[in-house]
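Just so we're clear, the structure is a prediction, and the values are computed from it rather than from any experiment.
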Amino acid sequence: VQLQAFGGGLVQAGGSLRLSCAASGSIFSSDTMEWYRQVPGKQRELVADIISGGGTKYADSVKGRFTISRDNAKNTVYLQMNSLKPEDTGVYYCAANGIRWNDGTPSVFRSWGQGTEVTVSS
């Protein structure tokens with residue numbers, strides 16, 4: 001197992017949760033780390049990502065409420081979710097993507113963790 005997400009749960013609207021994703025194995029600190037969420041019947045949506053240098057991007061729906069961060073020393077990426085809304089309900093997945101070199105040839109690397117479920121009640 002290379003990525004393991006946890007921290008989901010049931011919370012009332014307006015509440016907060018902090019998701020964590022522990023990376024191991026071939027996940028590098030140079031990889032971009034991402035959080036996605038998926039709702040049944042809909043495509044998986046990119047919620048936030050963070051590059052190795054700390055730059056971040058967010059989906060418009062979560063800007064100002066969610067914060068992604070990473071601790072490279074602990075090989076962990078976090079998603080702090082505040083002011084949660086019922087529409088934030090879904091299964092949240094962490095992912096890593098980067099470049100791997102093999103005999104001088106680059107290739108795209110991508111790894112997914114198992115999801116952690118977040119339910120926001122109204």
Side-chain angles (χ1 to χ4, degrees):
V1 175
Q2 296 192 59
L3 292 169
Q4 188 167 6
F6 50 94
L10 173 64
V11 63
Q12 287 190 330
S16 298
L17 280 175
R18 188 194 198 203
L19 305 184
S20 300
C21 177
S24 62
S26 60
I27 307 299
F28 297 159
S29 60
S30 58
D31 291 335
T32 294
M33 301 301 296
E34 302 164 321
W35 284 101
Y36 287 79
R37 70 181 171 204
Q38 188 160 25
V39 177
K42 292 188 177 181
Q43 281 192 329
R44 196 170 289 189
E45 171 193 22
L46 177 63
V47 174
D49 67 30
I50 183 167
I51 63 175
S52 60
T56 58
K57 286 191 298 184
Y58 298 92
D60 288 342
S61 59
V62 306
K63 280 180 183 176
R65 300 188 297 120
F66 289 12
T67 302
I68 188 171
S69 61
R70 66 192 296 167
D71 185 336
N72 290 332
K74 295 182 178 179
N75 291 329
T76 303
V77 62
Y78 306 97
L79 186 67
Q80 178 67 44
M81 305 186 296
N82 298 329
S83 303
L84 282 161
K85 304 176 181 180
E87 51 264 44
D88 294 318
T89 293
V91 179
Y92 284 71
Y93 298 87
C94 60
N97 74 75
I99 301 294
R100 297 296 183 264
W101 293 85
N102 187 7
D103 293 333
T105 301
S107 61
V108 174
F109 169 84
R110 190 170 197 85
S111 181
W112 290 91
Q114 93 293 354
T116 184
E117 189 164 5
V118 172
T119 303
V120 185
S121 63
S122 57

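Atom CZ in R65 sits 10.0 Å away from atom OG in S16 (nearest 0.5 Å). Distance check, rounded to the nearest 0.5 Å: CD of Q4 to OG1 of T76 gives 10.5 Å. Atom CD of Q12 and atom OG of S122 lie 9.5 Å apart (nearest 0.5 Å). Interatomic distance, CG of N75 versus CE of M33, reported as 9.0 Å (0.5 Å rounding). Note: E45 CD to W35 CH2 = 14.5 Å, rounded to the nearest 0.5 Å. To the nearest 0.5 angstrom, I51 atom CD1 is 12.0 Å from D31 atom CG.
D60 has a carboxylate O that lies under 4.0 Å from a charged side-chain N of K63, or vice versa, which qualifies the two as a salt bridge.
The closest side-chain heavy-atom distance from V62 to M81 is not below 4.5 Å.
Of all the heavy atoms in Y93 and G113, the pair that sits closest is CD2-O, 3.5 Å. Summarising the geometry of G25 relative to Q2, their closest heavy-atom pair is C-OE1, 4.4 Å, with the distance given to 0.1 Å. Here the closest non-hydrogen pair linking G115 and V91 is CA-CG1, 3.6 Å.
Counting only residues at least two apart or on different chains, the disulfide bond (SG atoms under 2.5 Å apart) pairs with a member in residues 8-94 are C21-C94.
In the hydrophobic clustering of this structure, L3 groups with V47; members are Ile, Leu, Val, Met, Phe, Trp, Tyr whose side-chain heavy atoms approach within less than 4.5 Å, directly or through other members. V11 and Y78 sit in two unconnected hydrophobic clusters of ILVMFWY residues. Membership requires side-chain heavy atoms under 4.5 Å apart, directly or through other members. Clustering ILVMFWY residues whenever any of their side-chain heavy atoms sit less than 4.5 angstrom apart, transitively, puts F109 in the very cluster that holds I50. One hydrophobic cluster holds both L84 and L19 under the rule that ILVMFWY side chains link at heavy-atom gaps under 4.5 Å.
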> Under the side chain to side chain contact (heavy atoms under 4.5 Å, CB included) criterion, do N97 and D49 qualify, and how do the steps go?
Replying inline: CA-CA 10 Å; N97 74 75; D49 67 30; over 6 Å; no

>> Go through it in stages, so that I can follow the logic: the residues are D88 and R37, the test is side chain to side chain contact (heavy atoms under 4.5 Å, CB included), and I'd like the CA-CA distance, side-chain angles, deciding distance and then a yes or no.
In response: CA-CA 8 Å; D88 294 318; R37 70 181 171 204; 2.9 Å; yes

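Judged purely by atom type and a 3.5 angstrom limit, Y58 uses its side chain to pair as donor or acceptor with the backbone of I68. Counting only distance, with no hydrogens or angles, the side chain of Q114 and the backbone of A5 share a donor-acceptor pair below 3.5 Å. Of the possible donor and acceptor atoms, one in the side chain of D71 sits under 3.5 Å from a partner among the backbone N and O of A73. No side-chain donor-acceptor contact under 3.5 Å links R44 to the backbone of Y36. With hydrogens and angles disregarded, no donor-acceptor distance shorter than 3.5 Å links the side chain of R70 to the backbone of G53. Side-chain atoms of T116 never come within 3.5 Å of backbone atoms of Y92 as a donor-acceptor pair (strictly under, hydrogens ignored).
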